[in-house]
2 protein chains.
Amino acid sequence: MGNIYDVRTYEPSQSIGYLMTRVKVEMLAALDRELAADPHLSALGVTSAQFIVLVRLVGTGNRKSATDLCKELSYDAGAMTRMIDRLEKKGLVRRMRCMKDRRLIYLEATDEGRAAYPRMLEMSVAVQNRFLRGLGQEDAQKLKGYLTRMLHNAG
Amino acid sequence: MGNIYDVRTYEPSQSIGYLMTRVKVEMLAALDRELAADPHLSALGVTSAQFIVLVRLVGTGNRKSATDLCKELSYDAGAMTRMIDRLEKKGLVRRMRCMKDRRLIYLEATDEGRAAYPRMLEMSVAVQNRFLRGLGQEDAQKLKGYLTRMLHNAG
DNA sequence: ATACAATAGCGGCCTAGGCAGATATATCTG
DNA sequence: CAGATATATCTGCCTAGGCCGCTATTGTAT
């Protein structure tokens, strides 16, 4: 009842899953190219993955733990530890042990990290607008609705 | 002229790029879970990434080179070499040096690899249908159109 | 208070992809 | 034919994510 695909007619290379994977790869690649081209950000050597974590940290208020970030981005905890290591080594993020709950480590963007934020947002917006060229606001809303629905169906 | 996002109102966590990345991650995770649950395929230890390469190899005719696969899947050549290594070690794929052009290595799914194909297609279809639940055929077509458009805009 | 979970972060091992350089082979050009 | 160029694959080094087990700390139940 209402299945989109049927095994007998299914074409992997035409499927929504395949297309979505491709688009995602291309968007991150485009972001990486923009980052490499920007005089400021290329000096910091920020990648698209680091970018996403940093935007999340600066943009939604500081004083976040690694676990918070993991939940928000559905990220693995071990991967996050190493990600923070890289960001810390680049001087964009600081670790600060919490004195009340000594298990916790608060993350804070450094001044340098915060300074890069506006330019990062601009890039993110520019890349997405480029990929969405030709779509109207209603189309974008529809697309967003489909994606939200799919995320919900993931359970 | 027709930009979807504006820096002043942009919400990273609500953006189409963010949502798409999330959906892609969830779809592959779901596929990995299905693969792990299947008696046959779990024995082979096939991951979702290997799955995609294998489907592409079996489904679109054998006698393919690594480079062909790289182009079709926008994959890195070095990464593909190692991917083939893993698939070969599992006995799902064979390398066969071409005698006319000795630079070329043809890839061929083994009997075992081909035998797993129908079940793989079923899974792929099942996972995608689950994620697309609640969408009609017109919605799916619209979504596919948006994605195709975005891929085209990638240049 | 002691034992038992639950939580936060870390580290090792695996798969995985991008990039640059090396090698072998094939093709093009003078 | 000789030299340059292009192509196919491989390898090493990097970032990156998932899984599992470890330790330290905190919370809970008996």
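Naming convention: chains lettered A, B, ... in sequence-line order (proteins, then strands); numbering from 1 in each chain. Basis for what follows: all heavy atoms, side chains included, without hydrogens, waters or symmetry-related copies.
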Checklist entry - B:Y10 and A:Q128: side-chain hydrogen bond (donor to acceptor under 3.5 Å, both in side chains), yes or no, with the steps? => result CA-CA 11 Å; B:Y10 178 64; A:Q128 292 191 62; 2.6 Å; yes
Item to check | Along DNA chain D (nearest heavy atom to each residue), the more 5'-positioned of A:M80 and B:D101 | outcome: B:D101
With the criterion being N/O to N/O and under 3.5 Å, what pairs connect the protein with nucleotides 1-7 of chain C, and how long is each?
{"residue": "C:dT7", "atom": "O2", "partner": "A:R103", "partner atom": "NH1", "Å": "3.3"}

Item to check | Of residues 14-27 of chain B, the positions that come close to DNA chain C - non-hydrogen atoms, cut-off under 4.0 Å | outcome: none
For atom [atom1] of [X] and atom [atom2] of [N], their distance in whole Å:
{"X": "B:L104", "N": "C:dT25", "atom1": "CG", "atom2": "C1'", "answer": "10 Å"}
{"X": "B:R102", "N": "C:dT27", "atom1": "CZ", "atom2": "P", "answer": "13 Å"}
{"X": "B:M96", "N": "D:dA8", "atom1": "CE", "atom2": "P", "answer": "18 Å"}

Checklist entry - Does A:R114 come within less than 4.0 Å of A:D111, counting only side-chain N to carboxylate O? => result yes
With 3.5 Å as the limit, what N/O pairs link the protein to nucleotides 10-16 of chain C?
{"residue": "C:dC10", "atom": "OP1", "partner": "A:R95", "partner atom": "NE", "Å": "3.3"}
{"residue": "C:dC10", "atom": "OP2", "partner": "A:T81", "partner atom": "OG1", "Å": "3.4"}
{"residue": "C:dC10", "atom": "OP2", "partner": "A:R95", "partner atom": "NH2", "Å": "3.2"}
{"residue": "C:dG12", "atom": "O6", "partner": "A:R82", "partner atom": "NH1", "Å": "3.1"}
{"residue": "C:dA16", "atom": "OP1", "partner": "B:T47", "partner atom": "OG1", "Å": "2.2"}
{"residue": "C:dA16", "atom": "OP2", "partner": "B:Q50", "partner atom": "NE2", "Å": "2.9"}
{"residue": "C:dA16", "atom": "OP2", "partner": "B:R86", "partner atom": "NE", "Å": "2.5"}
{"residue": "C:dA16", "atom": "OP2", "partner": "B:R86", "partner atom": "NH2", "Å": "3.4"}

Checklist entry - Does A:R130 reach the main-chain N or O of B:N153 with its side chain, forming a donor-acceptor pair under 3.5 Å? => result yes
Checklist entry - Can B:Y106 and B:S65 be said to form a side-chain hydrogen bond (donor to acceptor under 3.5 Å, both in side chains), step by step? => result CA-CA 5 Å; B:Y106 283 126; B:S65 69; over 6 Å; no
I want to check something: taking the side chain as every heavy atom from C-beta on, are [X] and [Y] in contact at a cut-off of under 4.5 Å?
{"X": "A:M120", "Y": "A:V46", "value": "yes"}
{"X": "A:L147", "Y": "A:M20", "value": "yes"}
{"X": "B:E72", "Y": "B:T60", "value": "yes"}

Next on the checklist: Can you tell me if B:R97 has over 12 outside heavy atoms packed within less than 6.0 Å of its CZ?
Outcome noted: yes
Checklist entry - So, for A:A109 and A:L57, which heavy atoms are closest and what is the spacing to 0.1 Å? => result N-CD2, 3.9 Å
Next on the checklist: A cation-pi test, strictly: NZ or CZ of B:R149 under 6.0 Å from the centre of the six-membered ring of A:F131 and no more than 45 degrees from its axis. Yes or no?
Outcome noted: no
